[in-house]
K.L.:
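Okay, here's the structure, questions in a sec.
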Protein chains: 2
Amino acid sequence: MPAATRTTIAGIAAEVGVSVPTVSKVLNGRPDVAPATRALVEESIARHGYQRREAKGKRRSAPRLVELVFHEYGAPWAVEIIRGVEAVAGPARVGVVLSELGGEHRPRQEWLDDVLARRPLGVILVLSDLGAEQRRQLETRSIPFVVVDTAGEPPPGVPTVGSANWNGGLVATRHLLGLGHRRVAVISGPSDVMCSRARIDGYRSAFDEAGVPFDPELVRYGDFFVGGGYRHGRELLTRPDRPTAIFAGSDFQALGVLRAARELGLRVPEDLSVVGYDDLPMTEWIGPALTTVRQPLLEMASTATRIVLSLAEGEQPSNLRIDLATELIVRESTSAPPSI
Amino acid sequence: MPAATRTTIAGIAAEVGVSVPTVSKVLNGRPDVAPATRALVEESIARHGYQRREAKGKRRSAPRLVELVFHEYGAPWAVEIIRGVEAVAGPARVGVVLSELGGEHRPRQEWLDDVLARRPLGVILVLSDLGAEQRRQLETRSIPFVVVDTAGEPPPGVPTVGSANWNGGLVATRHLLGLGHRRVAVISGPSDVMCSRARIDGYRSAFDEAGVPFDPELVRYGDFFVGGGYRHGRELLTRPDRPTAIFAGSDFQALGVLRAARELGLRVPEDLSVVGYDDLPMTEWIGPALTTVRQPLLEMASTATRIVLSLAEGEQPSNLRIDLATELIVRESTSAPPSI
């Protein structure tokens with residue numbers, strides 16, 4: 001295998017038996033190349049470890065963009081992430097292009113083709129992962145990427161910015177146990193998402209630490225949305241042995257739990273303590289003001305943006321995995337359990 | 001003055017006494033042109049009514065982008081606007097570039113230069129206006145723009161998408177008067193923003209219609225944020241002749257009013273009725289679920305995106321001003337006034 005630096009577009013064109021502009025088109029995600037040709041070119045690019053390096057002058061004259069990609073759009077915390085990215089990209093005069101992975105209307109390869117065509121400085125993926133093939137396509141075009149809050153175990157070498165989810169689960173549960181609660185339910189995000197699993201493990205550790213057994217029936221996985229919080233909340237709170245506290249996976253889930261409690265005539269915090277997660281701006285305004293685990297979404301997004309821009313400058317970050325601290329914010333929705 | 005179609009870049013270069021590439025750089029918002037030269041080129045472009053028309057092939061190969069510009073970032077309803085734009089831009093495989101006008105870190109001309117450099121298909125401005133000079137710069141580059149929810153009176157010829165604000169103010173106030181309220185306060189957005197004024201006029205009309213005088217002391221202008229709702233709410237509710245109902249300018253303002261009421265020991269809706277504005281997803285979940293005026297933010301954004309993309313295709317929209325309907329959604333936060 002020849003050294004990566006010596007492979008050229010012309011060499012790849014010659015090997016595959018196509019023209020140089022055809023190789024360029026593939027590199028730029030252009031649609032006007034036959035799928036079979038394209039596959040051959042991609043295969044040759046990958047085999048040679050080819051990496052495009054832009055001429056300095058050319059790079060500077062092209063529009064400076066970063067791609068911000070959400071797994072699922074319109075999540076309530078998306079606005080915090082967007083603000084965090086803009087806080088760094090704005091002053092650097094880098095445009096932020098938004099998109100969503102996995103939407104029905106935008107198949108994955110089309111999405112990647114569009115990204116390649118825009119030739120961004122870098123890509124920021126939120127709660128989403130690329131396949132190995134897609135990662136390679138970005139790498140061969142020298143487009144760095146960073147994952148914010150990885151869904152699964154991130155592959156080696158991929159920079160990630162997250163927050164201390166395990167610790168968040170621990171401090172929230174410790175707070176509730178410390179108030180005297182024993183029947184503490186937890187509603188987390190999907191079980192295949194890392195941050196959900198880490199929080200549940202933190203919850204378990206708090207029980208272990210206190211020497212109190214926990215009831216596996218009170219551990220629920222769901223989504224991060226308000227409707228899921230409501231449904232799990234109703235189900236948990238209509239049990240004969242209902243919990244006296246619920247630790248929700250997001251502030252919106254907690255909002256659903258609060259509504260379920262209201263409908264069932266349970267007062268918060270007198271009859272039920274509720275802890276949220278995220279500390280969205282609205283949580284201090286709702287009634288009762290929500291005790292929640294602050295997740296520094298804005299800072300996570302700013303950090304990811306700084307990393308991707310420095311990678312674009314050819315710098316290597318000193319740390320590939322950064323987890324920012326989480327913090328328990330105690331407000332009005334938690335208190336000692338009712339004395340029955 | 002020669003016919004607009006006959007002016008060329010070469011002609012402008014010759015007239016100003018600069019090279020053709022220099023004129024191109026000015027058209028593309030590139031920073032490497034002396035300000036004085038740039039001003040001369042802009043002046044000549046404007047005087048000749050020059051408009052760049054892209055070669056069809058070139059346009060097609062360039063990344064397809066639209067610019068989405070907020071006056072003020074991170075407003076709670078921004079996510080609805082973004083979802084609406086994405087709903088149209090996503091399936092059309094057009095990238096959405098986000099930015100904010102008026103942030104300290106991004107002076108206006110720098111912002112416009114960056115937009116010109118990205119050569120987008122079009123620009124969508126939310127609650128913000130361009131100056132005459134900036135409008136002309138977009139026009140000469142054949143970059144169409146649409147304003148969503150104009151701040152001021154839009155200049156002739158600029159397509160706008162809004163909602164029936166006057167009607168929203170009317171139906172909300174009619175609802176409260178119909179329940180028997182007489183002391184109805186209104187907290188609106190800034191007095192220099194069209195939608196605030198239209199809603200207050202709707203409020204006044206409802207009073208006129210009912211033959212009831214309104215108290216000008218109960219009419220407040222503020223911002224659309226939660227803190228302003230809280231401050232105005234506290235002030236109104238601590239008056240000796242406090243209102244029995246408050247019509248807020250946004251759901252977040254209403255959240256601030258609800259908190260002020262809670263702190264003062266006033267029950268909603270028994271002691272105080274509250275109406276919000278926007279119908280954000282959270283409003284049906286908070287306690288009490290909020291009566292509010294639904295503003296079709298998502299549809300407004302989708303409509304604006306469709307208009308800007310069809311303008312980019314050279315089509316002329318049949319209607320330059322579109323106002324989508326608003327609708328009163330009655331939930332739990334309004335009832336008859338306390339019988340004192």
Side-chain angles (χ1 to χ4, degrees), chain A residues 25 28 30 32 61-65 67-68 73-76 78-80 82-83 85-87 89-100 103-106 110-111 113-115 117-120 225-227 229-230 252 255-256 258-259 261-262 268 281-282 284-289 298, chain B residues 25 28 30 32 61-65 67-68 73-76 78-80 82-83 85-87 89-100 103-106 110-111 113-115 117-120 225-227 229-230 252 255-256 258-259 261-262 268 281-282 284-289 298:
Chain A
K25 280 181 184 173
N28 292 331
R30 289 272 299 276
D32 47 349
S61 78
R64 291 158 55 81
L65 300 171
E67 303 274 335
L68 174 59
Y73 218 68
V79 100
E80 297 299 302
I82 292 170
R83 288 175 60 203
V85 172
E86 268 285 333
R93 296 182 63 179
V94 171
V96 178
V97 183
L98 274 187
S99 53
E100 177 193 34
E104 289 191 294
H105 298 297
R106 192 157 7 177
E110 280 190 3
W111 168 80
D113 286 345
D114 291 345
V115 170
R118 290 192 284 263
R119 306 178 77 158
F225 295 97
V226 63
Y230 173 74
F252 266 72
L255 209 54
L258 290 178
R259 165 140 290 242
R262 233 174 10 252
V268 175
M282 62 135 195
E284 59 176 310
W285 294 98
I286 60 169
L298 201 141
Chain B
K25 281 181 184 174
N28 292 331
R30 289 272 297 275
D32 46 350
S61 78
R64 292 159 54 82
L65 300 171
E67 302 274 337
L68 174 59
Y73 218 69
V79 102
E80 297 298 303
I82 293 170
R83 288 174 60 204
V85 172
E86 269 284 334
R93 298 183 61 179
V94 171
V96 179
V97 182
L98 274 187
S99 53
E100 177 193 34
E104 289 190 292
H105 298 296
R106 190 154 13 175
E110 280 191 2
W111 168 79
D113 285 346
D114 290 345
V115 170
R118 290 192 284 262
R119 305 179 78 158
F225 295 97
V226 63
Y230 173 74
F252 267 73
L255 208 53
L258 290 178
R259 164 141 290 241
R262 234 176 7 253
V268 175
M282 62 136 195
E284 59 177 310
W285 294 98
I286 60 169
L298 201 142

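As a basis for the values below, the full set of heavy atoms in this structure was taken, side chains included, without hydrogen atoms, waters or symmetry mates. Computed from a predicted structure; not experimentally measured. In what follows, chains are A, B, ... by sequence order, proteins preceding strands, each numbered from 1.
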K.L.:
Which atoms form the tightest heavy-atom contact between A:Pro63 and B:Ala117, and what is the distance?
P.N.:
CG-O, 3.5 Å
K.L.:
Taking the side chain as every heavy atom from C-beta outward, state whether A:Ile82 and B:Ile82 have any atom pair closer than 4.5 Å.
P.N.:
yes
K.L.:
Between A:Val79 and B:Ala78, which heavy-atom pair has the shortest distance, and what is it?
P.N.:
CG2-CB, 4.4 Å
K.L.:
What pair of heavy atoms forms the shortest contact from B:Asp113 to A:Arg93, and how long is it?
P.N.:
CB-NH2, 3.9 Å
K.L.:
Side-chain contact, heavy-atom cut-off 4.5 Å: A:Trp285 with B:Phe252?
P.N.:
no
K.L.:
Only counting residues at least two apart or in another chain, list the ones meeting side-chain contact (heavy atoms from CB on, under 4.5 Å) with A:Arg262.
P.N.:
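With sequence neighbours excluded, A:Arg262 shows a side-chain contact (heavy atoms from CB on, under 4.5 Å) to A:Leu258, A:Arg259, given in chain and number order.
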K.L.:
Select, from B:Val115, B:Leu255, B:Leu68, B:Ile286, the one with the greatest count of heavy-atom pairs under 4.5 Å involving chain A.
P.N.:
B:Ile286
K.L.:
Grab the two heavy atoms, one from B:Arg118 and one from A:Leu65, that are nearest each other, plus how far apart they are.
P.N.:
CD-CD2, 3.5 Å
